[in-house]
Every structure is written in C-alpha cells, then in structure tokens.
There are 2 protein chains.
Amino acid sequence: MLIDNKGSSRQLVEKCITCPGMRHCLPHGLKGNEMERVSDMVKHRRPFQRGEQITMMGDEFTSLMVVHSGFVKSYKVSRDGEQQIVGFYMSGDVLGVEGISTGNYGYTAEALETTSVCTLSFRNYEYCSSHFPVMQKWLLNTMSRQIIDEQKMLLMLGKMSAEQRIANFLLDMSRRMSASGTSIQTIRLPMSRIDIANYLGLVVETVSRLLTRLQANDILIVKRRVISIMDLNRLQAIADNSIEDCHPLHHAA
Amino acid sequence: MLIDNKGSSRQLVEKCITCPGMRHCLPHGLKGNEMERVSDMVKHRRPFQRGEQITMMGDEFTSLMVVHSGFVKSYKVSRDGEQQIVGFYMSGDVLGVEGISTGNYGYTAEALETTSVCTLSFRNYEYCSSHFPVMQKWLLNTMSRQIIDEQKMLLMLGKMSAEQRIANFLLDMSRRMSASGTSIQTIRLPMSRIDIANYLGLVVETVSRLLTRLQANDILIVKRRVISIMDLNRLQAIADNSIEDCHPLHHAA
DNA sequence: TGTTGGCTGTGACTTAGGTGAATGGAAACC
DNA sequence: GGTTTCCATTCACCTAAGTCACAGCCAACA
C-alpha cells in the first residue's frame, strides 16, 4: 500500500480534506473520493522555523513540497561558493520539481519565517497521477509556470536596469502576496535587503539607494521591510521602462 | 482517432520508427508497438531555413516540438521591446513546454540554420502519456532539466563576471555539441556574436574583446565562428573562478 | 567581379552600479 | 534594560562593462 502517513507521531497533523487552505495546495477538479485518497498521502510536518532548511542542494530527491503557509527562499551555490537566490515561494508554490530529472534537489530551500509545508512523496505522486489525470495536469502546469517565471527573471537579469528590477520585483511581490491576482498597496517583505539584492543580481547598497530614491519621488513609502506603493502607475511605468523616469537624488530634495 | 499524420501533403515525411536519429527524439523504454503508435502521431515537417520562425511568442500553444537536426534560438520580448535570448536548442531538445500552463507559446523560436523539427500535438501527447507511462516520465524529465538549466543561467547572469560567462558558455556548447557527454575541442558556433552577447547579458563588443583576450592567453583559438579550446583546464578554472585568472591585454603582447 | 550589407574586431571615453567604510536602528538574548 | 548582533542606510570613490565611432572581413547576390 502506498499510503504511508504515519502522522500521529508528529504534531500538527491534519488531513488536507479538513484543511481550510486546501484549495491552495491540491489541484482543483479532484472528485470527492479522489481528493480523499490524495489527502491521505500528503504529510503535514511540524512547521519550519525561520532559518531552518527545508531541502539541501544535492540531497536525494524524494518528495514534492507545497508551501502551505509562510515564506521560503531557495538558492544555488556555484563551485566557487557564490550564492544565487533562484526563487521565493509562498502559499501554493511547489518546491522540488527540479529534482525529478537528476534525483537530487537542485537548490537549498530555507524558511524565511515560520513555514508549514505539505509533502507528497514522488512515488505517491506517480501513483496518483496514473489514476487521476488531473494530478498529472497539475504538475505539468506547475512546472510550466516555473519555467515561465524563470525566463522572466532571465530577462530581468540580462536586460533591465537596477531600477527596473526593483520596480518589477515590488510589483510581483505585491501581486503574489494578495490573495487575489490584483496587487495590494502595502506589503511586508519577509526577506532582507541582502536577499533582495542577491535575487536581483545587485548589491545591497544599490537596493537601499534605489528604494530611497523611489521614496523621494513619492512612488513608495519605505519603512524597513514594510513598503507602500503610493503611485502604482509610475512604478509600472518604471518597470516597463516606458517614457518617464525617476529623478536621481539631487542633494537638495 | 487521435492519429492525424496527414503527412503525404508535405515533403520529407518519414516515420520516427525508420529514422536513424530516433533515439534523440523519442524517449527510451517504449516497447515496440508503443513506439510505433507514438511514431504515427509525430509529424515531420519540411525543414525550417535560417531565420524562419518556428513558434511566435503569444501564438496559441498546440504542440511540443523536438529539434531533430539543426539549431534554434528562442527569445522573449519585454513590454519595452527589449529582447532576451532564453535558450539555444539542438538535437533532442524540446520546444514549447512553457505553453502548457498558459495555452500560448512563451517565446519566439527561430532557426539559426536549416533545422528539422518533429512535432507532437499536446492532445496526442496526453493520449500517449495516459497509455504509456514512459512518455509521462519523459516530459517531466525534460521540463525538470529545463528548470535546472535556467537556474544555472540565473546564477550566470546574477553573479558571474563577463569572462566567467563566456567561459561557461563555451564549455556548455562544447559539451552539448559533442554526441557524447564529453566536451570536444573545436566547435562551430551557429549563432552570431550579437546572439551570444544577448544570451549572456553582455554587449557584443565585450564578447569580442574577451574572446580576443582568451586567445592572447593561449586558451582559445578564435576564427570567427570556429573556436578551438586549447587549454580546457584553464578555461574551466576561469569558468569556476578558481584561482588563476586570465591576463588583461597589455598592448605589448 | 564588383557591390552590398551584415557581421566582427579595436580603440577612446563614459557611466551604472560595485566597493569599502562608517553610522544609526531594531530586535534578540541574556 | 543593557548589550550584542545583525540589518539598513549613506557617502566618497572606483572599476567592469557599456557606448560610440570607425575599420576590416566575408558571404551573397547581381
């Protein structure tokens, strides 16, 4: 039998089927009894605390993981020790798919705040997918979306100015952090400036400088990790590099 | 019936099953009759000439495409018209998977030389995958590998110097262009300097200068698009940023 | 066989963003 | 509640890589 949820040995176990956030993790379109079958295969572990590692680059790939709540960063380490953050993950995002082809996790994933993760072993996934076509479609969609997002990042890192990168980053975060697809005005960034800089291929000083500048131009209000977007249109214009630019900081503001 | 190979209306149709390069395109592990079924669903179109577009960004996603022979570049265009090359594809590489989630191709793919492509409609893929598990595994592997490759590029664009990017690029090309997995000494690059620069997030002058410098340091011999790697170890060391560096060009060589 | 046009290479100069150093703040930990 | 530590910001300066300009080269085509 493939079902191996020996949950009772751990705290905080609940079935997906009774979980209020179920629609974030499980694919839509499962029939009632299918849902129950899948639900039984998903493990709910004790939440990870800030700084804890969820996967380690190079470890054996065993499971797909869906972020249920919290916030995760993932980074690769190059041969000479340079780190590059390759993604931030929040509710509903899937970790680990890069391990399918190699059998090893391709990055280290680390919780940026208390994070709970739902785990489905790949063997169980394969069992599900062969019985419930919707599961198969779900994973293909997930991976296809990851490919698109990474290609968008390639465009950012390859062609965009520091200011464009920051603007796009803030817009993306604002959009993703709202439950719906519409961006929200005030966001609390769970990651440090160092992480933002690393993700965007910049240094931390540049991120600081540009946030200050965007604030001086009345586009943002920045209070450490809490950022309010005061002029969405201009921020979007900067992100798209369309016409109007943000004035550099002349020392007389 | 899902099979819709109305091949005879076009030139150059052959069945995969009789194609000498079959092992590059079709997954391994299909049984004889399965292979034949899949083979019948694959369309072989007239080859694309240099400069012809294979997919257009935004067009409706219908099919997965495997490069059979030739060479393809793919690029995204941002809202402000900037282009970014996101990949180069050669024999065995799969185009179009980013369309699965959105229903539209995510980039424009263009032949860099005469290129033939084998096409499998996604509907036929779904039919195959539900009957032959090995097909499903094949697509997951393909997509997982694309995610890994793109993440490697993120590391390149985010953290590496121009010289490291060039070195890594040449090593990657040399490895991929050899039939086996071992790198070969002399490669003929099918893409222009402009394409290389764009792919690596540099300008064309920088690419020229660095190739010249690598030649002056006896690491390469560069004859326009034909490049011979004379000192693989040092090139690898530069790619990894390990210790020894390449001397800048002092005007007295 | 001349001409066209896109590649490729070089040099002089500029600049966006990186470096390094120093300061102030918040939160975490006795 | 004091101290430690990490995080964020700011400034002065520097450099890797971009820009601009020009020249040679090769392939395609008439």
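So you know, we letter chains A, B, ... as the sequences are listed, proteins then strands, and number each from 1. Excluded from the calculations below are hydrogen atoms, water molecules and symmetry mates; all remaining heavy atoms, backbone and side chain alike, are included.
Scored by the salt bridge (Lys or Arg N to Asp or Glu O under 4.0 Å) test, B/D240 finds A/R79 as partners (sequence neighbours excluded). For B/D172, the salt bridge (Lys or Arg N to Asp or Glu O under 4.0 Å) test picks out B/R175, B/R176, with sequence neighbours left out. When the side-chain hydrogen bond (donor to acceptor under 3.5 Å, both in side chains) test is applied to B/T102, no partner is found at least two apart in sequence or on another chain. For A/D231, the salt bridge (Lys or Arg N to Asp or Glu O under 4.0 Å) partners are A/R234, not counting sequence neighbours. Residues satisfying the salt bridge (Lys or Arg N to Asp or Glu O under 4.0 Å) test with B/K159, not counting sequence neighbours, are none. For B/Y107, the ring pair (Phe, Tyr, Trp, His ring centres under 6.0 Å) test picks out no residue, with sequence neighbours left out. The side-chain hydrogen bond (donor to acceptor under 3.5 Å, both in side chains) check on B/E82 picks up nothing, with sequence neighbours excluded.
Across the protein-nucleic acid pair, A/E82 atom CD and C/dG18 atom P stand 13 Å apart, rounded to whole Å. When rounded to the nearest whole Å, the span between CG of A/L157 and P of C/dG18 equals 12 Å. Computed from coordinates, the B/D195 CG to C/dG6 C1' distance equals 13 Å when rounded to whole Å. The CG-P distance, from B/L189 to C/dC7, rounds to 15 Å in whole Å. For B/K159 and C/dG17, the NZ to C1' distance is 14 Å, given to the nearest whole Å. We find that NZ of A/K223 is positioned 15 Å from C1' of C/dG25, with the value rounded to whole Å. Distance CG (A/N198) to P (C/dG18): 12 Å, rounded to an integer number of Å. Between the CZ atom of A/R213 and the P atom of C/dA16 there is a distance of 9 Å, given to the nearest Å.
The backbone N or O of A/G106 lies less than 3.5 Å from a partner atom in the side chain of A/E98, making a donor-acceptor pair.
Defining each end axis of the helix from C/dT1-D/dA30 to C/dC30-D/dG1 as the rotation carrying four pairs' C1' atoms onto the next four, with five pairs an end, the two axes are found to diverge by 50° to 10 degrees.
Pairs engaging residues 67-96 of chain B under the ring pair (Phe, Tyr, Trp, His ring centres under 6.0 Å) rule: B/F88-B/Y199 [sequence neighbours left out].
Of the listed nucleotides (C/dG9, C/dC7, D/dA8), C/dG9 has the atom at the smallest distance from the side chain of B/R193.
Around atom CZ of A/R50, no more than 12 heavy atoms belonging to other residues, nucleotides or ligands sit under 6.0 Å away.
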Each nucleotide of nucleotides 16-23 of chain D classed B (base within 4.0 Å of a protein heavy atom), S (only sugar-phosphate) or -, in 5' to 3' order, makes -SBBB---
Under a 4.0 Å heavy-atom criterion, the protein footprint on nucleotides 24-30 of chain D, written with B, S and -, is BBS----
Could you pull out all donor-acceptor pairs under 3.5 Å where a side-chain atom in residues 182-191 of chain A meets a protein atom, sequence neighbours excluded?
unit_1, atom_1, unit_2, atom_2, d
A/T182, OG1, A/S180, OG, 3.0
A/Q185, NE2, A/I229, O, 3.2
A/T186, OG1, A/S228, OG, 2.9

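Contacts of A/S208 with the nucleic acid, taken as non-hydrogen atoms under 4.0 Å apart, include base atoms.
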